[in-house]
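For reference, the structure is listed below as C-alpha cells.
Heavy-atom basis, side chains included; hydrogens, waters and symmetry copies ignored.
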Amino acid sequence: MKKGDHLFLVDGSGFIFRAFHALPPLTRKSDGLPVGAVSGFCNMLWKLITNARDTSVGVTPTHFAVIFDYSSKTFRKELFPEYKANRSAPPEELVPQFGLIRQATVAFNLPCIETEGFEADDIIATYARMATEKGGDVTIISSDKDLMQLVRDNVHMYDSMKDKQIGIPDVIEKWGVPPEKMIDLQALTGDSVDNIPGVPGIGPKTAAQLLEEYGDLETLLARAGEIKQAKRRENIIENREKALLSRQLVELRTDVPLDVDLDGLVLEPQDGPKLVAFLKALDFTTLTRRVAEATGTDAAAVEAVEVTTEWGADAHGPDVGEGGAAAAPATARVETTPKAAPVAAAGALTPAALSSARAEAFKGVKIDTEGYETVRDLDALDRWIALARETGLVAFDTETTSLDPMLAELVGFSLAVADNRADATGVSVRACYVPIAHKAGQGDLLGGGLVENQIPLGKALERLKPLLEDAAVLKVAQNLKYDYLLMKRHGVEIAGFDDTMLMSYVLEAGTGSHGMDALSERWLGHTPIAYKDVAGSGKGAVSFDMVDIARATAYAAEDADVTLRLWQVLKPRLVSEQLVTVYERLERPLVPVLARMEERGISVDRQILSRLSGELAQKAAAFEAEIYELAGESFNVGSPKQLGDILFGKMGLPGGAKTKTGQWSTSAQVLEDLAAAGHPLPRKIVDWRQLTKLKSTYTDALPGFIHPQTKRVHTSYSLAATTTGRLSSSEPNLQNIPVRTAEGRKIRTAFIATPGHKLVSADYSQIELRVLAHVAEIPQLTRAFAEGIDIHAMTASEMFGVPVEGMPSEVRRRAKAINFGIIYGISAFGLANQLGIERSEAGDYIKKYFERFPGIRDYMESTKAEAREKGYVETIFGRRAYYPEIRSSNPQVRAFNERAAINAPIQGSAADIIRRAMIRMEGALSDAGLAEQARMLLQVHDELIFEVEDEAVEATLKTVTHTMENAAMPALDMRVPLKVDARAAHNWDEAH
DNA sequence: CCCCAACCGTA
DNA sequence: GTACGGTTGGGGG
C-alpha cells in the first residue's frame with residue numbers, strides 16, 4: 001500500500017443487521033429462504049466495486065476487505081462479563097443469512113476477515129491504522145457510531161444505504177465533539193444496546209458540553225468537584241470507575257494480530273462465472289444479469305452453486321457447504337435463465353394464456369433504461385403522439401414537484417407505446433420522456449433557471465390535450481387519479497383510460513401492495529429505478545425539476561414502459577378471472593369522481609380551530625397540574641411507559657392487561673376500570689388524553705392542510721388501500737373527524753359551507769346490518785327492516801323474549817353489541833370485552849343468537865369454508881378480498897383471518913353500494929338540474945357530504961337520498977330496503 | 001432520521 | 001370481534 005491507494009473496509013456484521021431491518025423482507029422463491037440482507041449486501045458490494053466513484057464516496061478502491069465478528073467471546077467480555085449481555089438472539093430470518101453473506105464475500109473474490117477474540121470494529125481500526133501509516137486513504141463502509149472515533153482527514157465512513165459520506169464535520173455536527181473525543185463521549189453516555197454502563201443521567205448533549213468545558217474524560221474526572229449541577233456532580237464522582245471501564249470497552253484496539261496484511265487486501269478482478277453461480281443460487285435475477293453483462297459471462301451456461309446457511313466457529317474453513325450439522329443446508333435448485341417464450345398469435349390464446357405468456361415473455365427480457373428517448377422538440381413529440389394514435393394505446397405518466405397533486409407542478413411526462421407489428425404478446429415497448437420544466441443550478445435562491453431545449457408547458461399541453469381527451473385512445477396509467485387531478489388543474493380532462501393499480505387491486509385485494517414497484521417485481525420480475533436513487537431521500541432529497549434530464553428520462557420513461565407492460569399482463573387477467581365488471585363498474589369510474597371531490601376540498605374555519613386549540617391547551621394544562629399533584633411528581637403524561645411506572649409502580653395500583661411487549665397497558669379501558677374502582681388519577685389521565693388527542697390530531701393539525709390558494713382542505717382518497725373495498729382518506733384523514741363526544745363534535749363545527757351554501761350530509765342507516773340480512777337471508781331481520789322496526793330492540797326481543805315496548809336500555813345495548821359483533825365475525829372473547837361480562841356469559845349469548853338466527857351461523861360457516869377453499873371471499877357485486885393466511889397453522893392467525901373473511905363481504909358490499917351511489921351521483925344531480933348548485937365533497941364510508949347553494953338544498957336532499965337508496969339497483973334487487981338520512985346545515989356538526 | 005408500539009379518532 | 005390513518009414517545013442505528 002502506498003500514498004494514493006484507497007482501502008475500503010466493509011463492516012459485514014454491522015451491515016447485515018442494518019440491512020435486515022432497513023430493507024423489505026425478501027425470500028428465495030423456490031423455498032422461502034430469507035435473503036433480504038444478503039441481497040442488499042451483494043448489491044452494495046457490486047456497486048462499490050464497479051461504481052464507487054459515482055457514489056458520494058467519490059473514489060475507486062484499490063484495496064478491499066469485508067470484516068466480520070468472529071464470535072461473542074471477545075476481550076471485552078473478559079474485561080466486563082455483562083458486556084453485550086442484554087443482546088437477544090437475532091431474528092430467525094436473519095440467522096441463515098450470516099453464512100450466506102460470508103459466502104457472498106468469497107464469491108465476490110474479496111477477503112473475508114475475522115479474528116478470534118476481537119470484534120469486527122477492532123479489526124477495522126487496526127487496518128485503518130496500518131493503511132494510514134503507509135499514506136493510504138481509508139473508507140469504512142458502516143454508519144455505526146462505535147466506528148466514528150476512527151474518522152480522520154484521510155479516514156472516512158460511508159453509509160451505503162443513504163449514500164452518505166461521514167467525515168470529521170459530520171461527526172461534530174451529530175455528536176458535538178470531534179472524532180477523537182468520541183471515545184470519551186461514549187464512555188460518559190454508555191450504550192444500552194451493548195450494555196456499556198457509562199454515567200447515569202449523562203446523554204450525548206451533556207457529555208459533549210462537559211468535554212467541551214474540561215477537554216477530556218481524565219480532566220473531567222479529576223475536576224468533577226467543580227461541576228455546578230449537584231446531581232450531575234454526584235453522578236460523575238460516584239460513577240468514576242464505571243466511566244473508566246466504559247472507556248476501555250468503547251476504545252477500539254488497533255493492534256489486533258492479523259493473518260492477512262495490507263497487500264493481501266488488493267482488490268482482485270471479479271470472477272464472473274463464480275459470482276454468477278452464487279447469485280443465481282439465490283435467485284437474484286437482476287444482479288445476476290448485471291454481473292453477467294459486466295463480466296461477459298453467459299449466465300445461462302453457468303450452473304447455480306450450492307449454498308449453505310451454515311456458519312459460526314464450526315463452519316470455518318474451506319469446508320463450508322459440506323456441513324451436516326444442526327441445520328440442514330439449504331441447497332439451490334439449478335435453473336436456466338428464462339428466455340422469451342415462443343408465443344402464438346394473440347387470437348389463438350385464451351385470456352389466461354395470453355396473460356401468462358406475456359408475463360413469461362416480459363420476465364425473460366431485460367428492460368434497458370438507457371435506451372429511452374428524450375423528447376426535446378415539438379416534431380419529436382408529434383411523432384410520439386401520432387404513434388399513440390396509430391396504436392390506440394399509450395401509457396402516460398407525469399413527473400412533478402410534489403406527491404400532493406393539488407400542490408404539484410408539472411416537470412415532465414412520459415409516454416410508452418407497444419409496437420403492434422411485433423409479436424402478439426406486445427413485448428416490444430418503446431418509451432420516451434418529455435422534459436418541460438427541469439431547472440439547473442444549486443437550488444439556492446438564484447439557481448433554478450430553466451434548462452434549455454425543453455418544450456414549453458403551454459406548447460406541450462396544447463399537443464397533449466387532444467390526445468388525452470380523446471376517448472378513442474386508451475391511456476394507461478398507474479394510480480391515474482394523481483395524473484388526472486394534476487392534468488385537470490392544467491385544463492385537461494383525461495378520457496378513455498385504464499389504471500394498472502386498480503386492476504391489480506381488483507385482481508388481488510389483500511395480497512399486498514399495488515404500488516408500481518411491487519407490481520413490476522411481481523409480474524415482470526423487474527426492479528424499476530427507485531425514486532430515491534434519482535431524487536435522493538431525507539435531507540438530501542431534491543424535487544424532480546432539479547433532476548438531471550438524462551437520469552429523469554431513464555426513470556420516467558421506465559415508469560411508462562413498466563406501466564404498459566403491466567397493463568398487457570393484467571388486462572387479459574381481468575377477463576380470465578371474470579373481474580372486468582368489478583373493475584369497470586366499481587373502480588375505474590370512481591377515479592374522476594374522487595379527483596373532482598379532492599379538487600373541490602372543503603372549507604374549514606381557521607378561527608374556530610385556533611380558538612378550540614387555545615381552550616384545549618388550557619384545559620389540558622389544568623389536568624396536567626392535577627395529575628402531577630395526585631402523582632406526587634411531574635412526568636410525561638403522554639408516555640404510556642412513564643405513566644405505567646407511576647400508576648403500577650410508584651402508586652401500586654393493581655395492573656390489568658399487559659401489552660404484547662409485556663408492558664402494563666394504560667389503555668382507556670384499563671384506566672376506566674381503575675377509575676370505577678375509586679382511584680382519582682386514572683380518570684384525569686383519560687380526560688387529559690382526550691383533550692390532547694383532539695388538539696394534536698385535529699385542531700392543531702388541520703389548519704396546516706388549508707391550501708394556500710384555494711383556502712380549502714383537500715384530502716386524498718386512496719382507492720386501493722383496503723382489503724374490503726372501502727376507501728381510505730389521508731393528508732388529512734377526513735374519515736375520522738370526531739363525533740362521539742361533545743368536545744370532539746366542536747371540531748366538526750369548523751367544517752363549514754361557503755356563504756350562500758349549506759353542507760348536506762346523507763348517511764346510510766344500518767347499511768351493514770341490512771347487507772347481512774340480505775346475504776344471509778334472515779327472515780326476522782328482513783321483515784324488521786321492511787317495517788322500519790328498531791333492529792336492536794327486535795334482536796333483543798327475539799333473544800331474551802322481552803317485548804319491544806318498555807324494553808330496558810341495558811337489554812337493547814347488549815343486543816346492539818351482539819349485532820355489531822356478528823358483523824365483525826364475533827368471538828366470545830371480544831363480546832365479553834365489549835360488554836364487560838364473563839366470557840362464558842358472552843358465549844351463551846352467541847349460542848342463543850345462533851339458535852334464533854340459524855341463517856347467520858350458516859352464513860358465517862359457509863363464508864369461512866369459501867375463504868379456505870378459494871383463498872378469497874366475495875361481495876354481493878363480485879369484488880374479491882383475499883385472505884391467504886386463513887390456512888395458517890397458527891390458530892390465532894387463522895381465527896383472525898376467519899373473522900376478517902366473515903366481515904369482508906358485509907363491509908365490502910356496503911362499500912360497493914356507496915361507490916355505486918357516488919359514481920351515479922353527478923349524473924343524477926345533473927339530471928335534476930343541480931349540477932351547478934350541488935357538489936359532492938366527502939365520503940365517510942356510509943356518509944356523503946355535499947356543498948349546496950341555499951336554494952337548491954331541498955331538491956338536493958331528495959336527489960341524493962333517492963340515488964343512495966337505489967344504488968344497488970338495477971344490478972341487484974336487495975331483499976332489504978336501503979334507508980338514507982339526510983339533512984342540511986351551515987356546518988358538518990349540525991348537518992350530521 | 002427512521003421505524004415501531006401504544007393509543008385513539010372514525011365507520 | 002372488522003376496516004383504516006395520525007400522533008406521540010421511545011428505541012434503534
Side-chain angles (χ1 to χ4, degrees), chain A residues 11 14-15 17-19 21-22 142-148 159 161-162 164 174 191-193 510 537-540 636-644 659-671 685-686 689-690 692-698 700-702 715-716 718 721-741 744 747-748 763-764 766-768 817-818 820-835 842 846 860 881 895-908 910-911 914 939-943:
Chain A
D11 175 13
F15 184 89
F17 278 98
R18 180 114 187 276
H21 294 292
S142 170
S143 55
D144 191 336
K145 69 166 187 310
D146 297 347
L147 286 163
M148 291 190 182
D159 180 348
M161 286 184 202
K162 291 188 188 156
K164 186 180 184 304
K174 186 159 176 55
D191 187 334
S192 59
V193 179
S537 65
K539 236 180 162 183
N636 188 341
V637 188
S639 162
K641 189 172 139 69
Q642 293 182 32
L643 175 62
T659 68
K660 58 185 160 187
T661 54
Q663 291 276 328
W664 287 112
S665 166
T666 65
S667 68
Q669 182 63 62
V670 168
L671 298 179
I685 307 282
V686 170
R689 277 194 186 156
Q690 196 209 355
T692 52
K693 169 92 174 178
L694 294 176
K695 183 169 184 292
S696 65
T697 309
Y698 303 103
D700 286 351
L702 277 171
T715 184
S716 173
S718 176
T722 71
T723 306
T724 56
R726 274 191 175 182
L727 305 180
S728 76
S729 156
S730 62
E731 294 183 325
N733 182 353
L734 295 185
Q735 291 181 323
N736 72 345
I737 302 301
V739 71
R740 289 181 194 182
T741 65
I747 291 162
R748 290 202 170 211
D763 68 296
Y764 283 108
Q766 311 276 15
I767 188 168
E768 294 191 350
I818 295 168
F820 273 98
I822 294 294
I823 289 169
Y824 298 153
I826 203 153
S827 75
F829 179 84
L831 183 63
N833 251 350
Q834 176 68 32
L835 287 174
I846 294 169
M860 293 173 95
F896 175 79
N897 278 272
E898 287 174 352
R899 290 193 298 271
I902 288 167
N903 172 256
I906 304 171
Q907 189 186 111
I914 197 166
Q939 189 249 42
V940 190
H941 307 308
D942 66 357
E943 175 189 14

*Could I get the full list of ring-ring contact (aromatic ring centres under 6.0 Å, His included) partners for A:F15, not counting sequence neighbours?*
A:F41
_What does the 5'-to-3' dot-bracket notation of DNA chain C look like when only Watson-Crick and G-U wobble pairs under 3.5 Å count, and pairs to other strands show as |?_
.|||||||||||.
*Do the side-chain N or O atoms of A:S639 get closer than 4.0 angstrom to the phosphate oxygens (OP1, OP2) of C:dG10?*
yes
_Residue A:T723, side-chain atoms from C-beta onward, closest of C:dC4, C:dT2, C:dG6_ = C:dC4
Mind calculating the distance between [atom1] ([X]) and [atom2] ([N]) to the nearest angstrom?
X      : N     : atom1 : atom2 : result
A:K162 : B:dC1 : NZ    : P     : 8 Å
A:L702 : C:dG5 : CG    : P     : 17 Å
A:I747 : C:dG6 : CD1   : P     : 16 Å
A:E898 : C:dA3 : CD    : P     : 13 Å

List for me each residue that meets side-chain contact (heavy atoms from CB on, under 4.5 Å) alongside [X], sequence neighbours excluded, and say none if there are none.
X      : result
A:S718 : A:A721, A:S728
A:A901 : A:A867, A:V873, A:Y883, A:I886
A:P640 : A:T666
A:E731 : A:F705

Taking only distance into account, with no hydrogens and no angle test, what donor-acceptor pairs under 3.5 Å do side-chain atoms of residues 823-835 of chain A form with protein atoms, sequence neighbours excluded?
{"unit_1": "A:S827", "atom_1": "OG", "unit_2": "A:G830", "atom_2": "N", "d": "2.9"}

Which part of the nucleic acid does [X] contact within heavy-atom distance under 4.0 Å: base, sugar-phosphate only, or nothing?
X      : answer
A:S827 : base
A:A701 : sugar-phosphate
A:G638 : sugar-phosphate
A:D159 : nothing
A:F820 : nothing
A:A19  : nothing

_Where at least one partner belongs to residues 822-831 of chain A, residue pairs that pass salt bridge (Lys or Arg N to Asp or Glu O under 4.0 Å), sequence neighbours excluded_ = none
*Decide yes or no for A:L643 and A:R689: does some side-chain heavy atom of the first lie under 4.5 Å from some side-chain heavy atom of the second?*
yes
_Are A:E768 and A:D942 packed together at the side-chain level, in the sense that at least one heavy-atom pair is separated by less than 4.5 angstrom?_
no
*Can you give one letter per nucleotide of nucleotides 5-11 of chain B, 5' to 3': B if a protein heavy atom sits under 4.0 Å from the base, S if only from the sugar-phosphate, - if neither?*
SSSBBBB
